[in-house]
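See structure below.
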Amino acid sequence: MTLRVSLVLLVCLVATVAESVFPYLFHLRAARFDLLLSVVLYLALNDEIITGAALSACAGYLGEISSATPAGLYTFLAVLTWAVVRVSARGLRSDGGALSAVIAFGTSLVHSLLAAGLFYLVAPAPAEFGWHFTGALPSALMTGLCAPFVFGALRRIDALFIPVGGDPVPGRVR
């Protein structure tokens, strides 16, 4: 395992802890920011195929074990989101800023609605189904606001691996 992969997994671990702790600190019940989704978006826009998909699966799994969701659901959603963003944003590249916030907002909104629908299919609970839908827009807004910070952290990690000549790391999409 390379150092970059280890550092990205460390960012995922920190994001998992932050996603678990901050809703309780700020008394958020219906909405939450999805930092791991921001990591998946960064990987879809900036990484090579095998590494990006594998790290997205790891991010989904970390999100899964830190919440009470059915096994495999977040991992599936993370890789599906990675693949859809990778294909649909083929020529788009974002290192952060306003573009990453817009991409994260839109993707988070679709991701939240898809997750709510899948939760309902896997474990039907009408009260929780409505809760997921009411929290989709605030969650998307919070994810969009946090995405530039996650993208910035991952961009700094990637900057460590660019050689002095400025050539990108071999095998990475630039």
Side-chain angles (χ1 to χ4, degrees), residues 2-49 51-64 66-67 74-75 77-115 132 135-162 166 168-169 172-174:
T2 67
L3 181 59
R4 180 184 176 274
V5 170
S6 300
L7 291 173
V8 171
L9 288 175
L10 182 65
V11 168
C12 289
L13 187 61
V14 169
T16 302
V17 171
E19 283 181 11
S20 299
V21 171
F22 286 139
Y24 292 108
L25 291 177
F26 297 119
H27 305 290
L28 302 172
R29 294 178 189 233
R32 66 180 188 89
F33 50 91
D34 198 347
L35 299 176
L36 289 172
L37 179 63
S38 297
V39 172
V40 169
L41 293 175
Y42 182 86
L43 294 170
L45 295 173
N46 296 306
D47 246 47
E48 65 182 32
I49 293 174
T51 306
L55 286 171
S56 294
C58 290
Y61 183 70
L62 282 173
E64 191 172 285
S66 69
S67 62
Y74 266 180
T75 305
L77 278 173
V79 175
L80 177 67
T81 301
W82 177 86
V84 168
V85 170
R86 175 88 178 176
V87 169
S88 63
R90 182 90 175 130
L92 187 63
R93 182 170 170 261
S94 176
D95 286 334
L99 182 60
S100 67
V102 170
I103 293 169
F105 171 76
T107 306
S108 179
L109 191 59
V110 172
H111 184 267
S112 295
L113 295 175
L114 183 61
H132 284 293
L137 187 60
S139 293
L141 285 171
M142 290 170 35
T143 301
L145 291 173
C146 294
F149 299 107
V150 174
F151 273 55
L154 292 169
R155 186 178 61 242
R156 285 187 187 98
I157 288 173
D158 282 347
L160 295 172
F161 297 97
I162 295 177
V169 177
R172 289 214 26 232
V173 175
R174 283 282 182 191

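Scope of the values below: all heavy atoms of this structure, side chains included, with no hydrogens, waters or symmetry mates.
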List for me each residue that meets side-chain contact (heavy atoms from CB on, under 4.5 Å) alongside [X], sequence neighbours excluded, and say none if there are none.
| X | answer |
| --- | --- |
| Leu80 | Phe76, Val84, Leu114 |
| Ala18 | Phe22, Leu35 |
| Val17 | Val21 |
| Ala78 | Val40 |

Contacts under 3.5 angstrom, residues 51-58 side chains, donor-acceptor by atom type, not counting sequence neighbours:
{"residue": "Thr51", "atom": "OG1", "partner": "Glu48", "partner atom": "OE2", "Å": "2.8"}
{"residue": "Ser56", "atom": "OG", "partner": "Gly52", "partner atom": "O", "Å": "2.8"}

Report yes if some heavy atom in the side chain of Ile157 is under 4.5 Å from a heavy atom in the side chain of Tyr42; otherwise report no.
no
Evaluation steps, side chain to side chain contact (heavy atoms under 4.5 Å, CB included), between Leu36 and Tyr74
CA-CA 10 Å; Leu36 289 172; Tyr74 266 180; over 6 Å; no
Can you tell me if Arg86 uses its side chain to pair, donor with acceptor, with the backbone of Asp47 under 3.5 Å?
yes
What residues, two or more places apart in sequence or in another chain, satisfy side chain to side chain donor-acceptor pair (under 3.5 Å) together with Ser66?
none
Output the distance between atom [atom1] ([X]) and atom [atom2] ([Y]), rounded to the nearest 0.5 Å.
| X | Y | atom1 | atom2 | value |
| --- | --- | --- | --- | --- |
| Leu13 | Ser6 | CG | OG | 12.0 Å |
| Ile103 | Ser108 | CD1 | OG | 13.0 Å |
| Arg4 | Leu9 | CZ | CG | 10.0 Å |
| Leu37 | His111 | CG | NE2 | 5.0 Å |

Give the intermediate values and the outcome of side chain to side chain contact (heavy atoms under 4.5 Å, CB included) for residues Trp82 and Leu43.
CA-CA 7 Å; Trp82 177 86; Leu43 294 170; 4.1 Å; yes
